[in-house]
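Protein chains get the first letters and strands the later ones, always in sequence-line order, with residue 1 at the start of each. For clarity, every value in this text was computed on a predicted model and none was experimentally measured.
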Amino acid sequence: MRERIVAAIRKIPRGKVSTYGAVARAAGYPGAARQVVRALHTSMGLPWHRVLGVGGEIKLRGDSAFEQRLRLEAEGVTFRGRRVNMSQHEFKFPRPKATRKR
DNA sequence: AGGGTGACGATCA
DNA sequence: ATGATCGCCACCC
């Protein structure tokens, strides 16, 4: 499970972002947002700064939150108040299931 | 084996 | 909008 979550996180391209819940769904575990958090903690080398809370909100506190914002802005991600402009930067994972015709 | 814990999310006051 | 609560669930004592 952690592997699948990690794999999903790795797919988020530079300049794009996603959310804990969306990553969980993309990995095939809807509702496992907390496990996404665990993966981010226990796995290194991930683009951790590209994972946000629902609505594009940074869920970290203190300095970490500041650093995350800086990293994102450095990749060209724009903010609207405290949130990321999701309409513009949210990464859409390829359909696990599919609108793939048959 | 059992209880506490979260970089969450949805809902309600 | 902010804060509390509840549901969730693998992980860590």
ask   = So, Glu75(A) and Arg71(A), do they make that salt bridge, N to O below 4.0 Å?
value =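 A salt bridge is absent here (no side-chain N lies under 4.0 Å from a carboxylate O).
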So do the side chains of [X] and [Y] get within less than 4.5 Å of each other, counting heavy atoms only?
X        : Y        : value
Gln35(A) : Tyr29(A) : no
Arg50(A) : Val77(A) : no
Lys59(A) : Leu52(A) : no

task = Might you point out which heavy atoms bring Phe93(A) and Ala8(A) nearest each other, and give the distance in Å?
result = CE2-O, 3.2 Å
Measure the distance from [atom1] on [X] to [atom2] on [N] and round it to the nearest whole Å.
X        : N       : atom1 : atom2 : answer
Arg4(A)  : dC9(C)  : CZ    : P     : 16 Å
Ile5(A)  : dG6(B)  : CD1   : P     : 18 Å
Trp48(A) : dG6(B)  : CH2   : C1'   : 17 Å
Arg50(A) : dA7(B)  : CZ    : C1'   : 17 Å
Leu52(A) : dG9(B)  : CG    : C1'   : 14 Å
Arg61(A) : dG6(B)  : CZ    : P     : 10 Å
Arg38(A) : dC8(C)  : CZ    : C1'   : 13 Å
Glu3(A)  : dC11(C) : CD    : C1'   : 16 Å

message = Applying a 4.0 Å non-hydrogen cut-off, can you work out what Gly21(A) is touching in the nucleic acid: base, sugar-phosphate, or nothing?
response = sugar-phosphate
Let's see if you can work this out: which of [options] has an atom nearest to the side-chain heavy atoms of [X]?
X        : options                 : answer
Lys59(A) : dC9(C), dA7(B), dT5(B)  : dA7(B)
Arg34(A) : dA7(B), dG9(B), dG7(C)  : dG7(C)
Arg83(A) : dA10(C), dA7(B), dA1(C) : dA1(C)
Met1(A)  : dA7(B), dG9(B), dA10(C) : dA10(C)
Leu40(A) : dA7(B), dA10(C), dG9(B) : dA7(B)
Arg82(A) : dA7(B), dC8(B), dT2(C)  : dT2(C)

task = Starting from the 5' end of DNA chain C, give me the residue, Glu57(A) or Gly31(A), whose nearest nucleotide shows up first.
result =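 Result of the comparison: Glu57(A).
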